[in-house]
Amino acid sequence: MALVAPANSGSGPVVAVAEVEMNAGADQGATTVRATVVQAGTVFYDTPATLDKAEKLTAEAAGYGSQLVLFPEVFVGGYPRGSTFGLTIGNRSAKGKEDFRKYHAAAIDVPGPEVTRLAALAGKYKVFLVMGVVERAGYTLYNTVLFFDPLGKYLGKHRKLMPTALERVFWGFGDGSTIPVYDTPLGKICAAICWENRMPLLRTAMYAKGVEIYCAPTADFMPSWQASMTHIAVEGGCFVLSANQFCRRKDYPPAPEYTFDGLDDEPSPESVICPGGSSIISPSGTVLAGPNYEGEGLLTADLDLGEIARAKFDFDVVGHYSRPEVLSLTVKTDPKLPVSFTSAAEKTSAAKSDDVSRT
């Protein structure tokens, strides 16, 4: 089944999930998974309204019998397309700083009340929910994906490792501690965000963790993106779900509150700012749904998990097609903290341990 439905902004028991270890075996339980990719835009600078919209769209997807629902990159918080935050080399404008203040205010804390609401939403509609958010950690923001299970439990997060171009100014960088693959009754699920999908070593880490349903929320609507998604599906022997926003100029605040730099003229309210291009692709490279460039909508497809074994018979990138005696990868998964504190008791204990080791 493949279904593309316009978004309307007006299943069996599951067990607990856990992150899988490297090279874990495939889940042999589920055979078919119904997945929905949401293509819709943020209510910019209005996080409560965006969460209301997310619930309506999740309810629609659940109404189609979907077990997994993927939202676009930074759906909660918004993608600040066209904004420069007043940046030039050696200078930052007062308006740009105020733009960042408002963007920071629309972000969410993880954990926090919005995360609690999203978890409840996943539990209410009995879906695995994969949601792009702008995460606020003090005064640094991260491009983050959150994972929730059908029992209403927050599972964890992935922070984008490498923001692209000017994104590096207003988003911090993730580290190896947030590149999880979750083992669920539907299969092993991960997420990589936008152009970090172009990072072959990151993809290899996901493949080594056994990913079967690879989520790729994005802001890229170029034709080359579809080629990347097909390549990843074939390379990884996995299903690839790609979600992008569809939005028009009227979905952002009006000028001069919000301006689109780099354009000769201010776009009209109906001008398409991001045309989407969301899609679902099988391990054989077959496009099961999309790409949709027509408007907001839900793309739904049934994923036959048997296709994974059939694809990997030909090519198993971290299995029979690997050459570890020639090529290998080390992934550093410890968190990179700028400041660490050690108590006096810990220092004393460490000193005693050193004394014992020298005797």
Side-chain angles (χ1 to χ4, degrees), residues 22 37 39 70-75 79-81 130-135 141-145 147 157-181 188-245 274-287 290-293 311 315-318 321-322 327-333 336:
M22 300 290 281
V37 167
Q39 178 164 294
L70 169 66
F71 277 78
E73 178 179 9
V74 292
F75 180 77
Y79 191 81
R81 195 174 293 277
V130 184
M131 175 66 71
V133 306
V134 181
E135 177 192 357
L141 303 180
Y142 294 92
N143 183 336
T144 298
V145 171
F147 300 83
K157 67 187 177 185
H158 165 61
R159 285 176 171 172
K160 191 175 185 180
L161 281 175
M162 176 51 67
T164 301
L166 197 64
E167 293 176 358
R168 298 171 199 172
V169 173
F170 55 88
W171 284 331
F173 297 10
D175 62 31
S177 68
T178 64
I179 52 171
V181 173
K188 298 176 179 66
I189 301 171
C190 81
I193 305 166
C194 205
W195 276 17
E196 69 175 357
N197 284 283
R198 294 185 173 189
M199 300 170 71
L201 301 186
L202 174 62
R203 297 199 309 268
T204 301
M206 299 296 197
Y207 302 152
K209 290 188 174 187
V211 62
E212 296 167 311
I213 302 175
Y214 185 114
C215 297
T218 188
D220 188 346
F221 54 81
M222 302 302 291
S224 59
W225 178 255
Q226 300 304 322
S228 292
M229 296 299 95
T230 301
H231 172 78
I232 292 171
V234 173
E235 178 183 68
C238 53
F239 289 93
V240 172
L241 281 57
S242 177
N244 195 2
Q245 297 196 23
C274 181
S278 303
S279 60
I280 300 175
I281 302 172
S282 79
S284 67
T286 301
V287 178
N292 173 20
Y293 296 103
F315 183 84
D316 186 359
V317 65
V318 290
Y321 228 92
S322 65
L327 304 168
S328 62
L329 170 66
T330 299
V331 181
K332 302 176 181 66
T333 59
K336 306 301 181 185

Check: [Y] main-chain N/O paired with [X] side-chain donor or acceptor under 3.5 Å:
X	Y	result
Q39	S278	yes
R203	N197	yes
Q226	P291	no

So, do [X] and [Y] sit near enough that their side-chain heavy atoms are less than 4.5 Å apart?
X	Y	value
V317	T204	no
Y207	I232	yes
Y79	N143	no
V145	P217	yes
N244	C274	yes

Side chain to side chain donor-acceptor pair (under 3.5 Å) with [X]: which residues, sequence neighbours excluded?
X	answer
T218	none
E196	H158
T286	S284
T178	none

When rounded to the nearest 0.5 angstrom, what is the spacing between [atom1] in [X] and [atom2] in [Y]?
X	Y	atom1	atom2	value
E167	C194	CD	SG	6.5 Å
L70	Y214	CG	OH	12.0 Å
I213	F239	CD1	CZ	7.5 Å

Contacts of type salt bridge (charged side-chain N to carboxylate O under 4.0 Å, His left out), residue [X], not counting sequence neighbours:
X	result
K332	none
R159	E135
E73	K160
D175	none

Pairs touching residues 214-225 that satisfy salt bridge (Lys or Arg N to Asp or Glu O under 4.0 Å), sequence neighbours left out: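 The answer is none; no pair qualifies.
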Who passes ring pair (Phe, Tyr, Trp, His ring centres under 6.0 Å) against [X], sequence neighbours left out?
X	answer
F173	none
F75	F71
Y293	none

Quick one: closest heavy-atom pair of [X] and [Y], and the distance?
X	Y	result
A219	R81	O-NH2, 2.8 Å
K188	G210	CD-O, 3.3 Å
A205	I179	CB-CD1, 4.5 Å
L329	L201	CD2-O, 3.5 Å
G172	P163	O-CG, 3.6 Å
C238	V211	CB-O, 3.8 Å

Verdict with reasoning, R198 to S224, per side-chain contact (heavy atoms from CB on, under 4.5 Å): CA-CA 11 Å; R198 294 185 173 189; S224 59; 4.1 Å; yes
side-chain contact (heavy atoms from CB on, under 4.5 Å) evaluation trace for S322 with L327: CA-CA 8 Å; S322 65; L327 304 168; over 6 Å; no
